[in-house]
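Computation of the quantities below employed the complete heavy-atom set of this structure, encompassing side-chain atoms and omitting hydrogens, waters and symmetry-equivalent molecules. In what follows, chains are A, B, ... by sequence order, proteins preceding strands, each numbered from 1.
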2 protein chains.
Amino acid sequence: MRHQPPDPEAEAAPRPRRRKTPITVEQVVDTALGVIATEGYEALTMRRLAGALDTGPASLYAHVVNKADLDELLIGRLCAELVLPEPDPAAWREQIRGVCTQIRDQYLKYPGISRAALAMAPTDLETVRVTEGMLAILLAGGVAPQAAAWAIDALLLYVAAYCLEVSIARRRSAHDDATWVLDRDELLRRFTALPAATFPHTTRHAAELTAGEGHDRFDFTLGLMIDGVAHR
Amino acid sequence: MRHQPPDPEAEAAPRPRRRKTPITVEQVVDTALGVIATEGYEALTMRRLAGALDTGPASLYAHVVNKADLDELLIGRLCAELVLPEPDPAAWREQIRGVCTQIRDQYLKYPGISRAALAMAPTDLETVRVTEGMLAILLAGGVAPQAAAWAIDALLLYVAAYCLEVSIARRRSAHDDATWVLDRDELLRRFTALPAATFPHTTRHAAELTAGEGHDRFDFTLGLMIDGVAHR
DNA sequence: GCTTGACACGAACAGCGTTCGCTTATAGAA
DNA sequence: TTCTATAAGCGAACGCTGTTCGTGTCAAGC
């Protein structure tokens with residue numbers, strides 16, 4: 001069947017066949033980040049993104065080879081926003097902690113995007129800029145090159161995983177999923193309700209297992225790793 | 001349109017309408033793990049799993065409420081396989097390391113399944129069994145309850161993220177994706193080829209950044225965290 | 001004025017998780 | 001032994017996903 005004639009009288013022009021200002025990659029990335037910021041990474045589909053740009057999904061593939069490629073561009077943009085301090089040997093711990101906190105806040109600003117970061121190649125230019133900055137801080141602090149390199153890898157991996165977990169938890173609590181353990185109180189209740197005979201430590205230390213306001217757990221783990229690499 | 005008559009003469013019976021032995025949840029979980037082990041977690045679709053059980057996708061929903069539910073069952077099964085040692089105060093470091101290594105090997109045996117672990121609630125019964133076992137080891141080792149609780153969280157998160165990264169890397173190198181950085185040599189080449197002016201540390205320590213046979217990076221990070229919690 | 005080339009995009013494809021409602025084998029009643 | 005109620009199995013469909021093909025349309029060069 002042939003597609004129906006345009007019938008210009010009856011309908012308002014559905015859309016100019018050629019838009020005034022062509023779509024750019026920057027526009028695509030910006031719009032994608034906007035969608036993620038308001039609706040989360042899972043809502044970022046090619047159709048949703050195309051709709052936000054007032055076009056069809058096929059148009060995106062002129063600027064982006066893949067969705068994986070789009071993911072790389074998004075992470076690259078995020079990394080570009082990070083400010084890497086000039087290394088100060090006396091304050092290397094606070095500096096490396098600051099960079100990790102920046103990454104954490106960027107990830108959490110765009111919920112779920114850390115999933116893309118975990119699946120990405122470490123070869124992107126903006127990514128190596130971050131690695132370079134962190135490496136400079138650790139080396140200035142007197143950390144051995146090998147330990148510094150591996151510690152950066154571990155830190156980046158942990159931050160991404162932490163943010164993914166937090167994002168998932170927030171999304172589920174926002175969705176008001178009744179079967180999901182929403183708050184700490186509910187989790188605490190479940191732990192204390194366990195049979196004390198088979199789970200003695202879990203029931204006794206349920207408070208500690210569920211403790212942690214805000215990013216206490218994050219700060220603790222960063223301290224663990226940074227102290228560990230300092231004593232090496 | 002009515003569905004066509006069975007026509008029992010011309011065709012072999014397409015499938016017994018009621019199978020001799022009903023499908024059980026254990027069967028579903030076992031088959032799913034088999035699919036993951038041979039084809040990876042991404043290949044585990046409801047249709048693929050149903051096909052492996054010689055049925056249609058709808059039949060699975062009699063035994064599993066969701067794909068998320070299936071994921072929980074899979075992780076539960078994995079956790080059930082772990083052997084948790086009797087706590088020995090003198091060897092708590094080796095013991096906690098051993099548990100993490102077990103988890104790592106289980107995850108890597110079923111490539112990509114750690115993705116399901118990252119998205120899961122920590123309320124599953126088998127999961128709390130693991131937490132209980134790890135908590136017992138750390139408390140026996142003299143670690144403070146709060147530090148122990150948070151350290152377990154950090155360790156589990158890191159192990160899952162590490163395995164996810166490794167699984168993705170292996171899958172891409174197996175797919176022979178040409179655009180993917182396959183081996184360390186190629187990565188090393190890219191790092192050294194960077195402009196030394198803007199990336200001085202990365203180019204100089206490219207060897208360290210790309211170093212690590214097998215699970216060296218994993219062992220390093222575990223040492224970081226365990227030493228950190230010991231000195232606390 | 002005409003041609004050329006690049007970009008935009010509607011429509012379609014294969015595959016995904018999930019649901020509806022029909023079919024059918026068996027257990028228990030008569 | 002025959003009949004019926006029940007529950008499990010499952011074919012077909014829905015709405016969604018990423019991706020591709022061929023067509024449509026405008027802007028610039030001659």
Side-chain angles (χ1 to χ4, degrees), chain A residues 1-8 11 13-28 31-32 35-36 39-74 112 115-116 119 177, chain B residues 1-8 11 13-28 31-32 35-36 39-74 112 115-116 119 177:
Chain A
M1 89 190 75
R2 312 187 63 81
H3 63 82
Q4 58 209 11
D7 190 9
E11 287 192 9
R15 193 183 295 138
R17 203 70 166 97
R18 176 120 182 180
R19 58 178 60 224
K20 305 123 264 185
T21 61
I23 300 175
T24 66
V25 192
E26 286 76 25
Q27 234 178 351
V28 172
T31 311
V35 171
I36 297 176
E39 305 178 42
Y41 177 75
E42 304 234 334
L44 182 76
T45 69
M46 298 304 262
R47 280 175 174 76
R48 176 74 188 79
L49 176 55
L53 286 163
D54 194 37
T55 180
S59 304
L60 300 176
Y61 288 84
H63 309 93
V64 158
V65 36
N66 242 347
K67 184 157 196 292
D69 182 49
L70 174 62
D71 288 345
E72 282 203 34
L73 292 175
L74 294 175
R115 185 173 127 53
D177 192 342
Chain B
M1 86 193 77
R2 312 188 62 84
H3 63 84
Q4 57 210 11
D7 191 8
E11 286 193 8
R15 191 184 296 136
R17 205 66 166 101
R18 177 119 181 188
R19 57 178 60 228
K20 301 126 268 188
T21 61
I23 300 174
T24 65
V25 193
E26 286 75 26
Q27 234 177 353
V28 173
T31 312
V35 171
I36 298 176
E39 305 177 44
Y41 178 76
E42 305 234 334
L44 181 75
T45 68
M46 297 303 262
R47 279 173 174 78
R48 176 75 189 77
L49 176 55
L53 285 163
D54 192 37
T55 180
S59 304
L60 299 176
Y61 288 85
H63 308 94
V64 158
V65 35
N66 241 346
K67 185 158 197 294
D69 182 49
L70 174 62
D71 288 344
E72 282 202 35
L73 291 175
L74 294 175
R115 185 174 128 50
D177 193 341

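Residues passing the side chain to side chain contact (heavy atoms under 4.5 Å, CB included) test with B:Glu42 are B:Arg171, sequence neighbours excluded. Partners of A:Asp69 under the side chain to side chain contact (heavy atoms under 4.5 Å, CB included) rule, at least two apart in sequence or in another chain, are A:Val64, A:Val65, A:Asn66, A:Leu73. Residues satisfying the salt bridge (charged side-chain N to carboxylate O under 4.0 Å, His left out) criterion with A:Glu39, sequence neighbours excluded, are A:Arg48. In this structure, the side chain to side chain contact (heavy atoms under 4.5 Å, CB included) partners of A:Thr31, at least two apart in sequence or on a different chain, are A:Leu49, A:Ala52, A:Leu53.
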Produce the list of close N/O pairs, under 3.5 Å, pairing protein atoms with atoms of nucleotides 14-17 of chain D; give distances to one decimal.
residue: D:dT17; atom: OP1; partner: A:Thr45; partner atom: OG1; Å: 3.4

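Candidate nucleotides C:dG17, D:dG18, C:dG10 were compared by shortest atom distance to the side chain of A:Ala58, and C:dG10 ranks first. Of the candidate nucleotides D:dG9, C:dC20, C:dA8, C:dA8 has the atom nearest to the side chain of A:Ser59. The listed nucleotides are C:dG10, D:dC10, C:dT18; the one nearest the side chain of B:Asn66 is C:dT18.
Taking the side chain as every heavy atom from C-beta outward, B:Leu74 and B:Leu44 approach each other to under 4.5 Å.
Between B:His63 and the phosphate of D:dA8, there is no side-chain N or O to OP1/OP2 separation shorter than 4.0 Å. Look at B:Thr55 and you'll find a side-chain N or O under 4.0 angstrom from OP1 or OP2 of D:dC10.
Rounded to whole Å, atom C1' of D:dT19 lies 14 Å from atom CG of A:Asp69. Rounding to whole angstrom units, CD of residue A:Gln27 and C1' of C:dC7 are separated by 14 Å. Taking atom CG on A:Leu70 and atom P on D:dG18, their separation rounds to 10 Å, with Å as the unit. C:dG17 atom P lies 6 Å from atom OH of B:Tyr61, rounded to whole Å. One interatomic measurement links the two molecules: CD of A:Glu42 to P of C:dC16, which rounds to 18 Å at whole-angstrom precision.
Here the shortest heavy-atom pairing between A:Leu60 and A:Met46 reads CD1-O, 3.3 Å. Nearest heavy-atom pair, B:Tyr41 versus B:Ala116, reported as atom, atom and distance to 0.1 Å: OH-CB, 3.9 Å.
To the nearest 0.5 Å, the span separating NZ on B:Lys67 from OG1 on B:Thr45 amounts to 8.0 Å.
Between A:Pro57 and B:Leu60, the residue anchored nearer the 5' end of DNA chain D, judged by the nucleotide with its closest heavy atom, is B:Leu60.
An angle of 20°, rounded to 10°, separates the two end axes of the helix from C:dG1-D:dC30 to C:dA30-D:dT1, each defined over five pairs.
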